[in-house]
Amino acid sequence: MSNHKKVLILGGGFAGVEAAIFLKKENYEITLVSDRDYFYIYPTSIWIPTRESEFSDVCVDLQELKKAHGFNLIVDGVTKISAKEAKVTLNSGDVIDDYDHLIIAMGASKMKHKGIENTLSICGSPEQALLLRDKMDELLEIGGGKICFGFGGNPNDSSAVRGGPGFELLFNVHNLLKKKGIREHYELTFFAPMAEPGKRMGPQALKMMDKFFGMLDIKQHFGKKIKSFEKDGIIFEDDSKLDSDFTMFIPAGDGHDVIKNSDLPLNEAGFIKIDDHCMVEFSHKDTFCDGESMDRPHNIYAIGDIAALEGYEWRAKQGHIAEVMARNVAHNIVERDKGGESFKGYHEHLNILCVMDSGDGASFVYRDDKRAFMIPMPIVGHWLKKGWGSYCRYSKLGKIPRIPGM
Ligand SMILES: Cc1cc2nc3c(=O)[nH]c(=O)nc-3n(C[C@H](O)[C@H](O)[C@H](O)COP(=O)(O)OP(=O)(O)OC[C@H]3O[C@@H](n4cnc5c(N)ncnc54)[C@H](O)[C@@H]3O)c2cc1C
C-alpha cells in the first residue's frame, strides 16, 4: 500500500537508485529521472578497455530495476532545477512540480582542461570506456607505443579528485601486455600534477604504490602542473612535453552544470551544500515562492557525488558513501514525515574503501580517521572485485539478499 507521499529522485546512479530502493520499501511513491536508461557500475568498468568485461556487464537496465522495485521511471535529462519555485524542468520540456520530497543525485561534471579532447577518461561518460577499448586495440595492432595515464586536481575541492581507477586501468594494461608477451614494446607512464598522487590513501599505500610502479617498470611523472593536452602528448607548466600515443586522463570532478545554473547553495567548486543529514543547506535569508524560509527543515536533499562533502582533508567522493547518504536520506525522510528526530548523518561513515584491481590480483585500501592501510591480495583480490560486481547487479535487482551495509 502506498503512503501517498511522493518523492522525486533526479539521477539513476549509485545514490539515486539506492534512495529509490530504500524509499520504495517504505511505501513512498517514487519517480526516478535519469538521462541514461541504465545504472552504470563504474567500479567494474575498468575491465572494458582490456576486454575483460563487456559494456553490458557493467550496465543494469533501469527498466528492470523499475520492475523489481515498482518505482516510476522517466528517462529524460534534467535541464533546470528551481528550488524556490519547487519545479524541475526536463529536456523534453516537461515540468515536474508535484512532489513532497526532492532528492538530487545527478553526480558530478568534470574539470575542463585545455585540449581535453585529445584524451579519454575511464571516469567520463560510460561510452568513453568503449573508445578506450578501441584505442587499446589500435595500439596492440601497431605493436608498441607510449601510453600515459594520469589524473588531475580541483583546487576548490580535493574530495572530487579521482585517481584510483587510473592506477587500476594502468595495472590492467600492464598485465594484458605481459600476458601477450609484448610488454617490453610499450612505455608506460603515470602522470599527475601533485607531488604525491595517492597520498590520500595514507603513507603506507603511497610507499606501496611507488614499489608497484618500480616493479612493473612504470615511469612516474609527478609534481608538474598540466598546461594542455595535445594529440601526441601532455604539455606541462614549464612547457616541457611528455610524449604519448595514448593519453588516458581523469579530470577531477566539478559541480554539475545544471546545478551551477540553479538557485541551490553551492561550495566554491559548485557542489551542493548539505548538512550532515544530506539536507540542502540554504541560507536563512532564502525563501520559497510562498514566502516560507528555506532554512531547515525543508524537503530538498542532495546525495552522492553532486553533494559537497565536509570533513577530513582525505575525504573522497565514492560509491559506497553515495549509498550511505541515500540510505540515510531514506531513513531521514521517513523520520521527518512521522515527526521524529532521530536523523542519520553521513559524516561518521566517511572513509576510503577500495579494492584496487591490477588484473592479476588487487589491494585492499582502507582509511578512516583512525587507520590507513593497504593489504595486497594476489589473485583472490581480483576475483573478489569481480564477485562484488555480480553482487551489486543481482542484489539491486532483488535476486539475491543484501548484505547489511553493502
Ligand atoms: C571508473 C570508476 C571507478 C570507481 N571505483 C570506485 C570504487 O572502487 N569504490 C567506490 O566506492 N567508488 C568508486 N568510484 C566512484 C563511484 O562510482 C561514484 O562515487 C558514484 O558513481 C557516485 O554515485 P552518484 O549516484 O552520485 O553519481 P553517478 O554514479 O555518476 O550517477 C549520476 C546519475 O545521474 C544521471 N544524470 C546526470 N546528469 C543528469 C541530468 N542532467 N538529468 C538526468 N539524469 C542525470 C546519470 O545518468 C547517472 O545515472 C569509481 C568511479 C569511477 C568513475
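Both counts, for ligands and for their atoms, begin at 1 and track the order of listing.
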Can you confirm, on distance only, whether ligand 1 has an N/O atom lying under 3.5 Å from any N/O atom belonging to [X]?
X	value
Ser45	no
Gly319	yes
Phe14	yes
Asp35	yes
Ile303	no

So which of Pro43, Pro126, Ala15 gets nearest to atom 5 (N) of ligand 1, if we judge by its closest heavy atom?
->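 That would be Pro43.
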
Which residue from Arg162, Met356, His320 reaches closest to atom 15 (C) of ligand 1 through any of its heavy atoms?
->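 The nearest heavy atom belongs to Arg162.
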
Short list, please: which atoms of ligand 1 are under 4.0 Å from a heavy atom of [X]?
X	answer
Gly12	33 (C), 34 (O), 49 (O)
Gly304	26 (O)
Ala105	32 (C), 33 (C), 34 (O)
Ile122	1 (C)
Cys123	1 (C), 52 (C), 53 (C)

Would you check if the side chain of [X] reaches a backbone N or O of [Y] as a donor-acceptor pair within less than 3.5 Å?
X	Y	value
Arg393	Asp57	yes
Tyr391	Ile403	yes
Asp276	Tyr346	yes
Asp35	Asp76	no
Asn332	Lys344	yes
Asn154	Ala252	no
Asp243	Gly233	no
Glu52	Trp47	no

Hey, which of Arg162, Lys110, Lys317 is the one that makes salt bridge (Lys or Arg N to Asp or Glu O under 4.0 Å) with Asp305?
->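 So, applying the salt bridge (Lys or Arg N to Asp or Glu O under 4.0 Å) to Asp305 and each of Arg162, Lys110, Lys317, only Arg162 qualifies.
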
Look at [atom] and say which protein heavy atom is nearest, naming residue and atom and giving the distance to 0.1 Å.
atom	answer
atom 48 (C) of ligand 1	Arg36 NH2, 3.5 Å
atom 27 (O) of ligand 1	Gly107 CA, 3.6 Å
atom 31 (O) of ligand 1	Gly13 CA, 3.3 Å
atom 17 (O) of ligand 1	Tyr42 CB, 3.5 Å
atom 18 (C) of ligand 1	Asp305 OD2, 3.5 Å
atom 37 (C) of ligand 1	Met106 O, 3.2 Å
atom 42 (N) of ligand 1	Val78 N, 2.8 Å
atom 2 (C) of ligand 1	Pro165 CG, 3.5 Å

Can you tell me if [X] contacts ligand 1 (heavy atom of the residue under 4.0 Å from the ligand)?
X	answer
Leu10	no
Glu168	no
Asp76	yes
Lys385	yes

In a check of ring-ring contact (aromatic ring centres under 6.0 Å, His included) between Phe190 and each of Phe212, Phe167, Phe171, Phe149, which one passes?
->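 Among the candidates, only Phe167 passes.
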
Note, Glu138 side chain near Phe246 side chain (heavy atom, < 4.5 Å) |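 Result no, sub-4.5 Å side-chain heavy-atom pair not found.
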
Between Arg315 and Asp157, is there a salt bridge with N-O shorter than 4.0 Å?
->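 Yes.
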
Atom NZ of Lys114: over 12 foreign heavy atoms under 6.0 Å =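 Not buried by this count: 12 neighbours or fewer within 6.0 Å.
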
Does the ring centre of His69 sit less than 6.0 Å away from the ring centre of Phe22?
->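 Distance test on ring centres: not under 6.0 Å, no.
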
